[in-house]
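Structure first, then comments.
Numbering starts at 1 and runs along the sequence shown.
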Amino acid sequence: MKKVSFFLYLISIGLLFAVVACGDRKTEDKSEAKTDSNTNATANRSRPNILLIVVDDLGYSDLSPFGGEIRTPNIQRLADNGLIVQNCYTSPLCAPSRAMFMSGMDNHISGVGAMPPFQAASQYMQPGYEGYLNDRVMTLPEVLRENGYHTFMSGKWHLGHEKGRRPFEEGFERSFSFLGGGASHFSNIFPLGPEEVIHTVYYDDSVQVKKLPDDFYSSNYYADKMIQYITEQKDDAPFFGYLAFTAPHDPLHVPDEWMDKYKGAYDKGYDAIRQVRMDNMKKLGLIPEDLPMNPGSGEFKKWNELSAQEKKLQARRMELYAAMLEIMDLDIGRVLDALQKAGKLENTIVMLIGDNGANPKDPSFYKTNMKPFDNSLENMGKPNSFVSLEGAWAEVTATPYAYFKTTTGEGGIRVPFIISGPGVTLKGVDATNKILGTDIMPTLLDITGIERPDTYKNNKLAAMTGTSFNEMLGKKGSTVRDEENGFGVESLENKAYIKGDWKIRLVMPPFGDGNTWQLFNLKDDPREQRDLAKQNPDKLNELLGDWGAYTQAVGYIQYNGGRAYEVLGPKNFFKSELDSTNRALLEKAKLEMVRGGE
């Protein structure tokens with residue numbers, strides 16, 4: 001960022017204070033100073049608007065541009081006018097991925113090294129494992145807002161419920177936010193489980209919402225709010241909109257009029273839908289013509305092994321899931337139409353990304369008390385039901401890749417990504433480059449010509465670890481990461497390192513043994529069916545060395561000592577501080593672990 005003298009700095013701050021609302025956070029040293037307001041105003045007139053759309057627990061092949069049978073014409077419209085990046089990666093869990101998007105840095109640096117409340121006793125409140133975006137981060141909306149952007153958010157946050165860590169305190173000028181990981185999609189606001197209660201909270205700007213409208217449905221309302229913010233903007237400054245849907249995260253809920261939109265569509269079962277998606281993906285050029293169907297993990301019953309009633313229940317799950325995605329697509333269309341009507345769509349970069357693969361877990365994962373819910377076939381999808389997609393369908397949604405959310409199989413960490421708008425001159429599919437969730441922020445700053453400062457709020461910021469892929473958008477054959485530039489991913493001890501065509505992977509039980517590293521060549525074997533570790537020990541050791549260097553660089557802390565939530569108890573855990581009580585409890589757990597020989 002351009003340096004100015006201290007005297008000019010004071011004058012520029014005074015002028016800016018008089019002309020624009022700069023938010024709650026104020027810059028305090030020369031490395032944080034802005035250029036003068038006239039320069040900013042001139043720059044802003046040529047800067048694009050930005051709309052970042054995040055879909056929650058989305059399978060790779062669900063959307064029509066990625067081979068899905070689900071009706072998503074508005075997302076198809078984005079793809080037809082933009083670029084699909086075939087190899088886009090995130091964390092296998094929601095919050096760490098969102099930390100990547102909002103910080104431009106590895107989640108182990110930014111504060112979400114483990115998704116709360118799953119930190120281990122060894123990780124609790126250690127640097128990078130705070131459970132919220134820490135003071136080493138200047139968020140994407142903070143940087144953009146400091147440089148003349150309006151910043152709007154509507155949807156899921158999942159990056160901190162603590163005071164000072166909520167969206168309206170992290171750079172968003174206007175926000176309607178859900179702070180947690182998931183909840184009822186209707187107005188009855190039930191949490192996923194007892195550990196989710198503390199952040200199962202909505203805020204309208206800085207005011208906690210005590211009661212949602214009776215007709216509240218998450219996707220519709222999030223779109224309504226984003227449209228409101230865009231249309232109420234009075235000036236011609238650019239805006240950044242963060243539209244973070246909770247669909248299709250469980251519970252699977254749809255309004256009554258949507259209950260039977262996909263009735264019968266999934267009655268033929270898992271392999272029939274896999275085949276449809278495989279055929280579509282081959283026609284779209286997303287996978288090779290000769291790629292066989294993925295046989296799956298073998299962890300779940302095959303369709304012909306289910307009883308007639310089980311088939312009905314399983315088909316119903318997918319019907320509801322598909323309806324949730326079509327509703328979301330229509331809501332995206334409403335936002336795009338509002339931008340068109342306002343004359344802003346042509347100058348808006350639109351990014352759409354999934355945060356991880358589809359969810360294989362059933363409600364028992366959340367320790368949910370199921371007694372209040374009616375999950376009968378006739379009631380599934382209604383406000384007083386709580387059903388999930390579960391593992392067999394989650395595998396199908398990842399077609400042709402392996403596994404799903406929580407794992408570092410390709411189905412857990414490879415996600416749909418579409419970008420369209422000004423500067424995106426290449427169209428179709430980029431099948432060569434590999435991008436990561438950390439790359440979004442540096443790319444957007446590159447596009448807008450904005451530099452992030454080195455310090456903010458008197459805190460020294462960590463370096464962004466992401467790589468700009470701006471050049472890829474307009475220059476055919478450009479390279480985001482060369483064959484020697486790899487990246488690591490880890491969540492709850494599920495691990496992966498990818499470099500060029502090669503990948504090492506370690507998956508925790510029940511889908512792996514939690515000890516064995518596997519080696520795959522993704523170019524030859526994108527389904528991860530042939531473990532080459534024994535045939536290529538030199539390549540395995542090379543990538544293990546890269547993995548070790550990655551963990552040192554980002555401050556990874558191994559999971560030890562049990563879950564901090566169980567060691568400390570809910571009250572002490574959610575204090576989010578290492579006071580004397582918590583230190584004593586953690587030390588006691590450490591001693592007990594040593595005495596137990598672990």
Side-chain angles (χ1 to χ4, degrees), residues 53-59 61-64 68-75 154-156 178 180-192 200 202 212-226 243-267 273 311-335 354-355 358-363 366 368 370 372-390 392-394 396-397 405:
I53 303 169
V54 177
V55 189
D56 201 357
D57 290 3
L58 175 68
S61 63
D62 285 331
L63 307 175
S64 59
E69 74 294 335
I70 301 169
R71 296 181 287 268
T72 52
N74 294 293
I75 295 172
S154 184
K156 172 175 168 176
F178 172 66
S184 170
H185 292 272
F186 293 109
S187 62
N188 49 348
I189 320 182
F190 65 74
L192 296 177
T200 303
Y202 288 88
L212 293 169
D214 290 342
D215 62 350
F216 177 90
Y217 181 73
S218 65
S219 295
N220 297 343
Y221 200 80
Y222 296 156
D224 288 345
K225 279 300 197 180
M226 185 56 66
L243 181 55
F245 290 100
T246 47
H249 195 298
D250 56 355
L252 303 180
H253 280 161
V254 297
D256 286 345
E257 63 270 24
W258 282 87
M259 285 291 177
D260 294 327
K261 291 286 186 177
Y262 283 84
K263 189 174 180 61
Y266 299 100
D267 288 354
I273 299 302
K311 288 178 179 178
K312 289 179 181 178
L313 291 168
Q314 289 297 320
R316 189 59 168 158
R317 294 179 197 280
M318 194 63 197
E319 290 172 10
L320 297 171
Y321 178 88
M324 290 178 78
L325 282 173
E326 185 174 351
I327 294 168
M328 183 196 70
D329 178 83
L330 290 172
D331 285 319
I332 290 171
R334 292 197 298 119
V335 175
D355 63 352
N359 183 21
K361 305 293 187 180
D362 65 36
Y366 310 110
T368 309
M370 298 304 292
F373 300 107
D374 177 1
N375 290 335
S376 62
L377 179 64
E378 296 75 19
N379 200 65
M380 288 170 65
K382 293 182 180 292
N384 62 332
S385 68
F386 188 172
V387 295
S388 302
L389 189 62
E390 298 190 351
W393 280 121
V396 173
T397 70
K405 177 180 177 177

**OP:** Give a yes or no answer on whether the side chain of K156 reaches the backbone of G181 with a donor-acceptor pair at less than 3.5 Å.
**Re:** yes
Subject >> Side-chain heavy-atom pair D267, K311 within 4.5 angstrom cut-off >> reply: no
Original post:
What residues form a side chain to side chain donor-acceptor pair (under 3.5 Å) with D250, not counting sequence neighbours?
Top reply: N359, Y366, S388
**OP:** Using the test side chain to side chain donor-acceptor pair (under 3.5 Å), find all partners of S219 that sit at least two apart in sequence or belong to another chain.
**Re:** none
Original post:
Under 4.5 Å between any side-chain heavy atoms of K261 and W258, yes or no?
Top reply: yes
Subject >> Nearest-0.5 Å distance, CD1 of residue I332 to CE of residue M226 >> reply: 11.5 Å
Original post:
In Å and rounded to the nearest 0.5 Å, what is the CG to NZ distance from L389 to K405?
Top reply: 11.5 Å
Original post:
Do you know the tightest heavy-atom contact between M259 and M380?
Top reply: SD-O, 3.7 Å
**OP:** Measure the CG-OG1 distance between L63 and T397 for me, rounded to the nearest 0.5 Å.
**Re:** 10.5 Å
**OP:** Determine the interplanar angle of the F386 and F373 rings, folded into 0 to 90°, and report it as parallel if under 30°, tilted if 30 to 60°, perpendicular if over 60°.
**Re:** perpendicular
**OP:** Scan residues 217-226 for pairs that pass salt bridge (charged side-chain N to carboxylate O under 4.0 Å, His left out), counting only residues two or more places apart or in two chains.
**Re:** D204-K225, D224-R334
Subject >> Euclidean distance, I75 CD1 relative to S64 OG, rounded to 0.5 Å >> reply: 7.5 Å
**OP:** Not counting sequence neighbours, which residues clear ring-ring contact (aromatic ring centres under 6.0 Å, His included) with Y217? List them please.
**Re:** F186
**OP:** Would you please name every residue forming a ring-ring contact (aromatic ring centres under 6.0 Å, His included) with F178, sequence neighbours left out?
**Re:** Y202
**OP:** Identify, with sequence neighbours excluded, every residue that meets salt bridge (charged side-chain N to carboxylate O under 4.0 Å, His left out) alongside R71.
**Re:** E326
Subject >> D329: partners by salt bridge (charged side-chain N to carboxylate O under 4.0 Å, His left out), with sequence neighbours left out >> reply: none
**OP:** Would you please name every residue forming a side chain to side chain donor-acceptor pair (under 3.5 Å) with S184, sequence neighbours left out?
**Re:** N188
Original post:
Roughly how far apart are D62 CG and W393 CH2, rounded to 0.5 Å?
Top reply: 11.0 Å
**OP:** Start with the C-alpha distance between Y262 and E69, add both sets of side-chain angles, then the distance that settles side chain to side chain donor-acceptor pair (under 3.5 Å), and finish with yes or no.
**Re:** CA-CA 10 Å; Y262 283 84; E69 74 294 335; over 6 Å; no
**OP:** Fit a plane to each ring of Y221 and F216, take the angle between them on a 0 to 90° scale, and name the class: parallel (under 30°), tilted (30 to 60°) or perpendicular (over 60°).
**Re:** tilted
**OP:** Salt-bridge test for K263 and E319: reply yes if a basic N is under 4.0 Å from a carboxylate O, no otherwise.
**Re:** no
**OP:** Output all residues satisfying salt bridge (charged side-chain N to carboxylate O under 4.0 Å, His left out) with D214, sequence neighbours left out; order by chain, then residue number.
**Re:** K211
Subject >> Minimum heavy-atom distance P251-H185, with the two atoms named >> reply: O-CD2, 3.0 Å
**OP:** Locate the shortest heavy-atom distance separating Y266 from A322; write the atom from each residue and the value.
**Re:** OH-CB, 3.5 Å
**OP:** Under the side-chain contact (heavy atoms from CB on, under 4.5 Å) rule, what do L325 and V55 come out as? Steps first, then yes or no, please.
**Re:** CA-CA 9 Å; L325 282 173; V55 189; 4.2 Å; yes
**OP:** Considering non-hydrogen atoms only, spot the tightest contact between V254 and A323 and give its length.
**Re:** CG1-CB, 3.8 Å
Original post:
Which pairs count as salt bridge (charged side-chain N to carboxylate O under 4.0 Å, His left out) when at least one residue sits in residues 373-388, sequence neighbours excluded?
Top reply: D256-K382
Subject >> Contacts of K361 that satisfy salt bridge (charged side-chain N to carboxylate O under 4.0 Å, His left out) - sequence neighbours left out >> reply: none
**OP:** Would you mind reporting whether L243 and V54 have side-chain heavy atoms less than 4.5 Å apart?
**Re:** no
Original post:
Considering residues at least two apart in sequence or located in another chain, which fulfil the side chain to side chain donor-acceptor pair (under 3.5 Å) criterion with S61?
Top reply: R277
Subject >> Nearest-0.5 Å distance, OG1 of residue T200 to CG of residue L192 >> reply: 6.5 Å
Original post:
Are L58 and D355 close enough that some pair of their side-chain heavy atoms sits under 4.5 Å apart?
Top reply: no
**OP:** May I ask you to test the P248-L320 pair for a side-chain heavy-atom distance under 4.5 Å?
**Re:** no
**OP:** Compare every heavy atom of S385 with every heavy atom of L252, then report the nearest pair and how far apart it is.
**Re:** O-OG, 4.4 Å
**OP:** Give the minimum heavy-atom separation between P383 and F190, together with the two atoms involved.
**Re:** O-CE2, 3.4 Å
Original post:
Where do E390 and Q314 land on the side-chain contact (heavy atoms from CB on, under 4.5 Å) test, with the steps shown first?
Top reply: CA-CA 9 Å; E390 298 190 351; Q314 289 297 320; 3.8 Å; yes
**OP:** Could you tell me whether the side chain of S154 and the main chain of Y222 form a donor-acceptor pair under 3.5 Å?
**Re:** yes
